[in-house]
Amino acid sequence: MEKSFYEKAQDLARQVPFGRVTTYGAIAKKLGMIRSARMVGYAMNASHNLDDVPAHRVVNRVGLLSGKHHFEGTNLMQQLLESEGIIVKNNQIVDFEKYFWNDFK
DNA sequence: AGTGTGACCTTCA
DNA sequence: TTGAAGGCCACAC
């Protein structure tokens with residue numbers, strides 16, 4: 001049974017451990033379609049209804065909280081990341097490369 | 001069946 | 001080096 005693109009993206013996003021972050025491109029690439037990185041964010045939007053999908057751990061390739069605007073508050077995403085020990089400044093993750101996670105299954 | 005949209009990425013100037 | 005434009009795929013209407 002084939003999972004929808006949304007389910008796949010959500011599943012990968014779910015694999016991101018505590019205190020780590022990843023990028024849409026990494027997820028898209030893991031799905032075999034790096035060109036559909038946009039769809040990953042679109043899938044995140046759908047996964048926003050689910051509590052098991054830490055969408056706040058997923059950011060763009062530069063570590064910018066591009067999707068923060070989609071969260072309830074204006075800085076809810078930032079607070080969630082800071083709550084995990086990740087430093088965020090100007091909607092951007094500090095030392096993003098250090099927190100970057102790319103060891104998906 | 002076709003058009004429009006989108007939490008992006010890559011490349012050209 | 002920095003800035004801007006295009007492309008790309010999947011889903012909803």
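Worth knowing before you read on, the calculation uses all heavy atoms, side chains too, and leaves out hydrogens, waters and symmetry mates. Throughout, a chain's letter reflects where its sequence line sits, starting with A, and its residues are numbered from 1.
- Heavy atoms of A/Phe71 sit under 4.0 angstrom from at least one base atom.
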Inset, instruction - Take A/Glu84 and A/His56 through the test side-chain hydrogen bond (donor to acceptor under 3.5 Å, both in side chains) and record every step on the way to the result. - result: CA-CA 11 Å; A/Glu84 296 188 359; A/His56 61 272; 3.1 Å; yes
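- Contacts of A/His48 with the nucleic acid, taken as non-hydrogen atoms under 4.0 Å apart, include base atoms.
- Phosphate contact (OP1/OP2 of B/dC8, side-chain N/O of A/Ser66, threshold under 4.0 Å): present.
- Residue contacts for A/Met44: at a heavy-atom cut-off of 4.0 Å it reaches a base atom on one of the strands shown.
- When heavy atoms are screened at a 4.0 angstrom cut-off, A/Tyr24 is found touching base atoms of the nucleic acid.
- Note on A/Asn45: a base of the nucleic acid sits closer than 4.0 angstrom, heavy atoms only.
- Here B/dC8 presents its P atom at 14 Å from CD of A/Gln92, a figure rounded to the nearest Å.
- Picking from C/dC8, C/dC11, B/dC9 the nucleotide with the shortest atom distance to the side chain of A/Ala37 gives B/dC9.
- Residue-to-nucleotide contacts include no donor-acceptor pair under 3.5 Å from the side chain of A/Arg35 to the base of C/dC8.
- Each of A/Asn75, A/Leu80, A/Leu81 was scored for a side-chain contact (heavy atoms from CB on, under 4.5 Å) with A/Gln78, with one residue passing: A/Asn75.
- A/Lys29 places its NZ atom 17 Å from the P atom of C/dC9, with the value rounded to the nearest Å.
- Nearest heavy atom pair, residue A/Phe5 against residue A/Val40, reads CE2-N, 3.8 Å.
- Looking at heavy-atom distances under 4.0 Å, A/Ala43 makes no contact with the nucleic acid at all.
- A straight line from OH of A/Tyr42 to C1' of B/dC8 spans 14 Å, rounded to a whole angstrom.
- If you check B/dC9, B/dA7, B/dG6 against the side chain of A/Thr23, the one that comes closest is B/dC9.
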